[in-house]
There are 2 protein chains.
Amino acid sequence: MNPHHTHQSLSLAIRNRITAGEWPPGTVMPSETDLAQEYQCARATMNRALQVLADSGLIERKRRAGTRVMPLPSSLAKIEIPIIRHEIEKRGAAFGHSILMRETAPAPEKVARQLHLRKGTRALHLKTLYQSDQEPFAYEDRWVNIQAVPAISTAPLDEVSPNEWLVRDVPYSSGYVSFSASAAGSEEAAALGTRPGAALFTVSRTTWLANRFITTVTLSYRPGYQLQTKL
Amino acid sequence: MNPHHTHQSLSLAIRNRITAGEWPPGTVMPSETDLAQEYQCARATMNRALQVLADSGLIERKRRAGTRVMPLPSSLAKIEIPIIRHEIEKRGAAFGHSILMRETAPAPEKVARQLHLRKGTRALHLKTLYQSDQEPFAYEDRWVNIQAVPAISTAPLDEVSPNEWLVRDVPYSSGYVSFSASAAGSEEAAALGTRPGAALFTVSRTTWLANRFITTVTLSYRPGYQLQTKL
DNA sequence: CAGTGGTCTAGACCACCAG
DNA sequence: TGGTGGTCTAGACCACTGA
């Protein structure tokens, strides 16, 4: 049999039949076996094609119950959170950063909770400004669990930004992320060259690696920043 | 051969070896064939396991060049943009909405460009307030391409919100999404019960289906709203 | 040009669960 | 309990691309 059907082309074909309304939302589609026969391909191939659609949230698959078109599709967006330096350099600008503050201090309760530290444990507190062509780009307020990453105490953070240093030293960590809008505080406003109260796009992350909580960070971008994606 | 190794378990095993530092960032990993032999599984199984890791951005695979651990992992977050009513009801609150404005008007240039309409073409302009337990939750400013969705002209949008009506009538559309922060205008501030200039989390979308542009919408959430995810 | 990943196939067994 | 999706296997061929 000629492999004229790739799982990609099958995926696309099925997707089109769904968007064309052939199987309305909530209805059950033909089984893998039937579809494979219709397209004259192996069931494994059709299986893979359907898995792609299931991953993208278009259909739902259950054993015995069959394949069902999702009744009310909620949009799934895949967002890539770039390393700031890459983001700036991609736009052809020069990247720079400056450490505005670096101290070891007892973690405030909120931070201690996020990093699973006992209240009052000392942690590294960093405030950093990221610049694009000398212009302020983003303001970062970060706490690092020294017990998990002792090496950061002696890291040359003036040369390698905290962001990148952590990515290099503790890659592949897991984390929580939240996106929100916040009003600029006086410090952020001064650093970003805007007025206090300005609307800033804010990304907060807490990351860990194998049960060791590494860092919690709040990143505020300069006014006008947008995070874009396709769905 | 006993299928003691599922592609999931293999995926996890390989991921752990990577995070443990066995193959540092940027280095080349053993080939599919070798890994399959090491784990005593079929190459197809190992292939699928590695594809999972490649999809999540942990490794990069190229023919002939082999499988390489990504040098500087940029975080990939999968975000689900929920239907507003579901989001509110999930929190146990009562959903409500009111149409603040509904008119047919020539599309402003910016809107016309996004919807690929000729300048001045008339389109449906809607402003809607979404409520959670009577409290304002989000403010929506939407333009709909009447040519693409003529039925919306007569839709009972007081009963079914524009958001949901479009999801039902034009499901499975594609789109661009962007996240940002914006200062509340006087209208939004009044609707959301906050002061003008307040920092609002804003989601803008433009969606289409098979070359027909459907709608462009800007959704501003009440102050304090967060969009969360795990990575 | 040789080695790598990408994919298809045919067959098999299993896990789940609605009827 | 039978039909459905989930998965593994062994083998094969192809596409790409670096040495």
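Chain letters run A, B, ... following the sequence lines, proteins first, then strands; residues in each count from 1. Since this is a predicted model, take the numbers as computed values, not measurements.
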Determine: side-chain N/O of [X] to OP1/OP2 of [N], distance under 4.0 Å, yes or no.
X       : N     : answer
B/Thr45 : D/dT9 : yes
B/Thr33 : C/dT4 : no
A/Thr6  : C/dG6 : no

Pair of N/O donor and acceptor under 3.5 Å linking D/dG11 base with B/Arg43 side chain: no

Within this structure, what is the [atom1]-to-[atom2] distance between [X] and [N], rounded to whole angstrom?
X       : N      : atom1 : atom2 : answer
B/Gln8  : D/dG6  : CD    : P     : 11 Å
B/Lys62 : D/dC14 : NZ    : P     : 25 Å
A/Gln51 : C/dC8  : CD    : P     : 13 Å
A/Ile59 : D/dG6  : CD1   : P     : 9 Å
A/Leu35 : D/dT4  : CG    : P     : 11 Å
A/Met46 : D/dT7  : CE    : P     : 17 Å
B/Glu32 : D/dA10 : CD    : P     : 15 Å
B/His5  : C/dC13 : NE2   : P     : 21 Å

Residue met sooner reading DNA chain C from 5', once B/Ala65 and A/Ala44 are mapped to nucleotides: B/Ala65

Touch class at under 4.0 angstrom, heavy-atom based, for A/Glu60 against every strand present: nothing

Among the nucleotides [options], which one has an atom lying closest to any side-chain atom of [X]?
X       : options              : result
A/Arg64 : D/dG6, C/dC17, C/dG6 : C/dC17
B/Arg61 : D/dG5, C/dC8, C/dG5  : C/dG5
B/Arg48 : D/dT7, C/dT7, D/dG5  : D/dT7
A/Asn47 : C/dT7, D/dG6, C/dG5  : D/dG6

Contact summary for B/Cys41 and B/Thr45, nearest pair of heavy atoms: SG-CB, 4.3 Å

A/Thr215-A/Arg142 side chain donor-acceptor pair, cut-off 3.5 Å: yes

Exercise: do A/Arg205 and B/Ser75 side chains pair donor with acceptor under 3.5 Å: yes

Side chain proximity check, B/Trp208 to B/Thr216, heavy atoms < 4.5 angstrom: no

B/Phe213 and B/Trp143 aromatic centres sub-6.0 Å: no

